[in-house]
Amino acid sequence: MSNTSLRGRDFLTWLDFSRDEIEMMLDTAHDLKRKQIRREKHHILEDMTLNMLFYNSSLRTRNSFEVGMTQLGGHAPFLQPGAVYTPALKGEEKAYSTERISDVARVLAEMGDAIAIRIYGKPTGWQYGKGNLIVREFAKWSRVPVINMEDDMYHPCQALADVMVMQEKLGHNLQGKKFVMSWAYSGSVEKPLAVPQSAIISAAMMGMDVTLAHPKGLDLDPNVLNATKDLAKKHGGAFRIVHDMDQSFEGVDVVYPKAWTVQPTDGSGVMDPEKAKAVFEANKGWIATKEKMALTNDAFYMHCLPADRDMEVTDEVIDGPDSIIIEEAANRLHGQKGMMALIMG
Ligand code: CP
C-alpha cells in the first residue's frame, strides 16, 4: 500500500481507517521517532502549516502538535475561541462574537495545509455528539485535512501514542495481549468519553484481548461498543465488559484506569452533574492501587494525563516502576508526526 491512500484524508476517528492504514501511520511514527533521536533532519512538511483551534485547555496536545510541526519543517499557529471569533454551527451564531464554521473552515483551508480542532464538554453544553458534529462540520467545509485533537466521542491522536507505547513495551505485535480500560474515581465529573472509547477501539483493532471495566451506570456509547466487538472479531482479539475492577485486573498485561462521566449517548439529553456526582461518589473504591496492580501479570500502568492523583490512582502506582505515562505522553509527539506526514505530506 502506498501513502497516497492516506494523503488528503481527515483524521477524526480510527473507525475511518483500516488496520493496514493505521499500521502505516504507526510504522512511520516509530521511524520518525528514531530519526528524531538520532537528530536526523526530516522536513517532510517543509513550510507547511497546521492551523490549530482549541476550545478546551491542553498541555500535551497543543505542545506535541506545535513541536511536531516544527520538527517536520512546518508551523502550527494556535487559535483560541475568545481570541478569534468563536466558530459556530449554522443557527448558533451570535453577532460580533462568533463566525459560521463553513466560513472559518474555508478561510483557514486557504491559509494552511490542515486544520486541527479540540472541542468537548463545557463548550458543547455536555451534549454528547455535539463536539464530534462540530469537528465533522469543519471536515465538510475544509478542502484540506481536518485532525480531531479530541472531541466528545474520540481522541484518535491519544490512541496512536497509546498503541505506540504498548508496542515499545510488549513487542510490535500486540495480538492477544491483555488490555484493560477501567473506569476510575475522580472528584470531577467533567470527564468526556473520548479516551476510553478510542482506547478500546484501537486495542481491538490491534487484536488485543480487551476488557472494559466500569461500575453500572457508566456505560460507553453502544455504537462504539458494537464497533469494538466487530473489530475484535475481525482481528482475532476479544472484547468483554465487567463491573468489578479487581476482576478486570487479574492476569492482564496493561491497565488504563481513568474517569469518564455518566453521559446519555442516545441524544436524549445532556450530562447531569448531580446524577453523575452521585454515581462517582458511590464508587470511590475504583482507584488503581499497589494491591490491585499485584493482581495483574506485572502490568504496565497507562494514563493519558492529566491524572487525578489519590482519586484515579495512588502516587505509588503512577510514580512506580510499572508506570509508562511519560513515554506514553512523549509518543503524542511521534504518533502525530507519523499521521501528519502521511495525510499532509
Ligand atoms: N492527553 C491529553 O490530551 O492531554 P492534554 O489535555 O494536555 O492535551
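Just follow the structure's listing: the first ligand is 1, and inside any ligand the first atom is 1. Note: hydrogens, waters and symmetry copies are ignored here, and every other heavy atom, side chains too, is used.
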Participant: If we only count N/O pairs under 3.5 Å, is Leu305 in contact with ligand 1?
Facilitator: yes
Participant: What atoms of ligand 1 come within less than 4.0 Å of a heavy atom belonging to Gln158?
Facilitator: 1 (N), 2 (C)
Participant: Decide whether Asn56 and Glu150 meet the rule of one side-chain donor and one side-chain acceptor closer than 3.5 Å.
Facilitator: no
Participant: Which atoms of ligand 1 sit under 4.0 Å from any heavy atom of Cys304?
Facilitator: 1 (N)
Participant: Specify the protein heavy atom at minimum distance from atom 2 (C) of ligand 1: its residue, its atom name, and the distance to 0.1 Å.
Facilitator: Arg332 NH1, 3.4 Å
Participant: Nearest to atom 7 (O) of ligand 1, what protein heavy atom do you find, and at what distance?
Facilitator: Leu59 N, 2.7 Å
Participant: Do any heavy atoms of Met149 fall under 4.0 Å from ligand 1?
Facilitator: no
Participant: Test Glu327 against every option in Lys33, Arg332, Lys169 by the salt bridge (Lys or Arg N to Asp or Glu O under 4.0 Å) rule and name the one that passes.
Facilitator: Lys169
Participant: Quick check on the 6.0 Å ring-centre criterion: do Phe65 and Phe78 meet it?
Facilitator: no
Participant: Among His303, Arg118, Glu150, Glu328, which one has a heavy atom closest to atom 3 (O) of ligand 1?
Facilitator: Arg118
Participant: Can you tell me the protein heavy atom closest to atom 4 (O) of ligand 1 and the distance?
Facilitator: Arg60 NE, 2.9 Å
Participant: Give me the one residue out of Gln336, Arg118, Gln158, Glu66 that meets side-chain hydrogen bond (donor to acceptor under 3.5 Å, both in side chains) with Thr61.
Facilitator: Arg118
Participant: Just distances here: any N/O of Arg62 and N/O of ligand 1 closer than 3.5 Å?
Facilitator: no
Participant: Taking 4.0 angstrom as the limit and counting only heavy atoms of His155, give me the atoms of ligand 1 inside it, by number and element.
Facilitator: 2 (C), 3 (O)
Participant: So that I can tick it off, tell me whether Arg34 and Glu40 are bridged by a salt bridge, with the cut-off set at under 4.0 angstrom between side-chain N and carboxylate O.
Facilitator: no
Participant: Please find the pair of heavy atoms, one from Ile343 and one from Ile147, that lie closest to each other, and give the distance.
Facilitator: CD1-CG1, 3.8 Å
Participant: Identify which one of His172, Gln167, His334 satisfies the side-chain hydrogen bond (donor to acceptor under 3.5 Å, both in side chains) criterion when paired with His30.
Facilitator: Gln167
